[in-house]
Amino acid sequence: MKKLAVIFPGQGAQAIGMGLDIFNNSPAAKNVFKTANKVLGRNISDICFEGPEDALKQTFNTQPAILAVEIAALEALKEKTSLNIEYTAGHSLGEYAAIYASGSIDLENAFKLIQKRAELMDKAATSTKGTMTAVLGLNKEKVEPVLNELNTSGVVSVANFNSPEQIVITGEIDAVNEASTALKEAGARRVIPLAVSGAFHSPLMKDAAMEFATFVKSCEINNSNFPVLTNVDAKETTNKNDFLEKMPKQIYSSVYWTQTIQEMVKNGVDTIIEVGPGKVLAGLNKKIDSSITTYNIYDMPSLEATIEALNMAAV
């Protein structure tokens, strides 16, 4: 028997038109977008389907828009077939789709939480003026010592461990630039500044996290039906109190994505479905462990193809 996990991408996966095909062909998906528009108090479905791009790129819109597409695709999948999901995880904001998939939060609370998170992160990004940079060709064991030994008074740390040789750094602009130079000298193949509005997953987000911690307590969160491997530690999480602690912490902590996928494989997962726009996580999975089979669901043809492939694999 295949051991199955579902995963959800984060910010950067967005594209105009995302979710439209699923919306047009799934009553369950339509309900997700309808609920999103109601809870958010604006027409996030139109921003997903029609843009404009400037609006879709704004953190305040990007996070709930991607979440809406991810949950809509998941519900469309559940309409068509029943899955025995063993684990789930999401990259950064995608973790909220994973927590929803696990049964720990309902649809309305998912959108309430992501709206507040996006609002606070956007506010923190504007006030702190940070940045992020992707570092290619160096692993964790080489990047971390460089950052630790860096002679800078500024804030710089690891935002994402995306794959064994793709790491994103985050922090104050001058400190990130200094770290980029040092990492090139240490042998990085490429160092690529990212087009982001702030230093997400850095200590510069701690004020946002503190305010979010208060908000999280006002939302209904339950124990999950199966484990979520959480970004902050790549560990199985099922207890509602752990989610309450980890959701705020995730805003300023590193995303341990490489370690999350490695933990899934260690626990016997051999098949993963990436649910949501794009194929970013499928690409990372290949670099983390090439033994994993990853399927993608981002529209109705990919949904049908995934179901067919899973059925064939089960024969």
Kindly give the heavy-atom pair with the smallest separation between Asn223 and Lys240, and that separation in Å. OD1-N, 2.9 Å
Do Lys279 and Tyr298 pass the side-chain contact (heavy atoms from CB on, under 4.5 Å) test, and can you show the C-alpha distance, the side-chain angles, and the key distance before you say yes or no? CA-CA 9 Å; Lys279 298 182 179 181; Tyr298 47 86; 3.7 Å; yes
Do Thr258 and Pro164 have side chains that approach each other closer than 4.5 Å (heavy atoms only, starting at C-beta)? yes
ILVMFWY cluster, Phe49 and Leu303 together (side-chain gap under 4.5 Å): yes
Backbone of Ala282 reached by a side-chain donor or acceptor of Glu274 within 3.5 Å: yes
Indicate yes or no for a side-chain donor-acceptor contact from Glu119 to the backbone of Phe60 under 3.5 Å, with no hydrogens or angles considered. no
According to a hydrophobic-cluster definition based on side-chain heavy atoms being under 4.5 Å apart (Ile, Leu, Val, Met, Phe, Trp, Tyr only), do Tyr252 and Leu244 belong together? yes
Side-chain donor-acceptor pair present, Asp299, Ser302, cut-off under 3.5 Å: yes
Heavy-atom count check: over 12 atoms from other residues, nucleotides or ligands less than 6.0 Å from Glu79 CD? yes
If only atom types and distance count, is the side chain of Ser218 paired as donor or acceptor with the main-chain N or O of Thr214 below 3.5 Å? no
Could you measure the distance from the CG atom of Asp21 to the CZ atom of Phe23? Nearest 0.5 Å is fine. 12.0 Å
Which pair of heavy atoms, one from Gly137 and one from Arg189, lies closest together, and at what distance? CA-NH1, 3.5 Å
Ignoring hydrogens, what is the shortest heavy-atom contact between Ala234 and Leu229? Give both atom names and the distance. O-CD2, 3.7 Å
Is there a donor-acceptor pair closer than 3.5 Å between any side-chain N or O of Glu178 and the backbone N or O of Thr152? no
Are side-chain heavy atoms of Phe111 and Ile44 found at a separation under 4.5 Å? no
Could you go through Ser26 and Glu75, starting from their C-alpha distance and side-chain angles, then the distance that decides it, and tell me whether this counts as side-chain hydrogen bond (donor to acceptor under 3.5 Å, both in side chains)? CA-CA 8 Å; Ser26 165; Glu75 291 302 320; over 6 Å; no
For Asn61 and Ala55, indicate whether the former's side chain and the latter's backbone hold a donor-acceptor pair under 3.5 Å. yes
Met121 and Ile114: same hydrophobic cluster, using ILVMFWY side-chain contacts below 4.5 Å? yes
N/O donor-acceptor pair under 3.5 Å between His201 side chain and Gln250 backbone: yes
Would you compute the distance between atom CD of Gln11 and atom CG of Leu194 and round it to the nearest 0.5 angstrom? 11.5 Å
When rounded to the nearest 0.5 Å, the distance separating CG of Leu107 from CG of Leu67 is 8.5 Å
Donor on one side chain, acceptor on other, Glu236 and Tyr87, under 3.5 Å: yes
Side-chain donor or acceptor of Ser290 paired with backbone N/O of Lys286 under 3.5 Å: no
Decide yes or no for Met247 and Ile221: does some side-chain heavy atom of the first lie under 4.5 Å from some side-chain heavy atom of the second? yes
Report, as yes or no, whether the 6.0 Å neighbourhood of atom CD on Glu53 holds more than 12 heavy atoms from other residues, nucleotides or ligands. no
Is Val69 reachable from Ile16 through a run of hydrophobic residues whose side-chain heavy atoms are each under 4.5 Å from the next? yes
Once the angle between the rings of Tyr256 and Phe161 is folded into 0 to 90°, is it parallel (under 30°), tilted (30 to 60°) or perpendicular (over 60°)? parallel
Any Thr294 side-chain heavy atom under 4.5 Å of Leu281 side chain: no
Value rounded to 0.5 Å, distance of CG in Asn311 from OG1 in Thr81: 6.0 Å
Taking every non-hydrogen atom, the tightest pair across Ala118 and Pro64: CB-CD, 4.3 Å
Val39 versus Gln115: any side-chain heavy-atom pair under 4.5 Å? no
Does the side chain of Glu211 reach to within under 4.5 Å of the side chain of Lys116, using non-hydrogen atoms? yes
Salt-bridged, Lys249 to Glu245, with N to O below 4.0 Å? no
Taking the side chain as everything from C-beta on, heavy atoms only, tell me whether Ile169 gets closer than 4.5 Å to Leu147. yes
Salt-bridge contact Asp233-Lys246 (side-chain N to carboxylate O under 4.0 Å): yes
Kindly determine whether Lys80 and Glu304 satisfy side-chain contact (heavy atoms from CB on, under 4.5 Å), including the steps that lead there. CA-CA 9 Å; Lys80 296 276 187 181; Glu304 298 287 0; 3.3 Å; yes
Backbone N or O of Val6 within a donor-acceptor pair of the Thr88 side chain at under 3.5 Å? yes
Kindly indicate whether the side chain of Ile7, heavy atoms from C-beta on, has any atom under 4.5 Å from the side chain of Trp257. yes
Check the pair Ile261, Leu284 against side-chain contact (heavy atoms from CB on, under 4.5 Å), reporting the backbone distance first and the verdict last. CA-CA 9 Å; Ile261 299 303; Leu284 294 178; over 6 Å; no
Using modelled atom types only, decide if a donor and an acceptor are shared between the side chain of Ser104 and the backbone of Ile99 within a distance under 3.5 Å. no
Give the minimum heavy-atom separation between Met205 and Ala199, together with the two atoms involved. CG-O, 3.5 Å
If I take atom CZ from residue Arg190 and atom CD from residue Gln166, how far apart are they, to the nearest 0.5 angstrom? 10.5 Å
Report the C-alpha separation of His91 and Asn160 in whole Å, then their side-chain angles, then the decisive distance to 0.1 Å, and conclude whether the side-chain contact (heavy atoms from CB on, under 4.5 Å) test is met. CA-CA 9 Å; His91 193 288; Asn160 308 331; 3.8 Å; yes
Under the 3.5 angstrom rule, does the side chain of Thr128 hit a backbone N or O of Ala124 as a donor-acceptor pair? yes
State yes or no: do Leu4 and Ile307 share one hydrophobic cluster built from I, L, V, M, F, W and Y residues joined by side-chain heavy-atom distances below 4.5 Å, directly or via other members? yes
Grab the two heavy atoms, one from Ser45 and one from Asn37, that are nearest each other, plus how far apart they are. OG-ND2, 2.9 Å
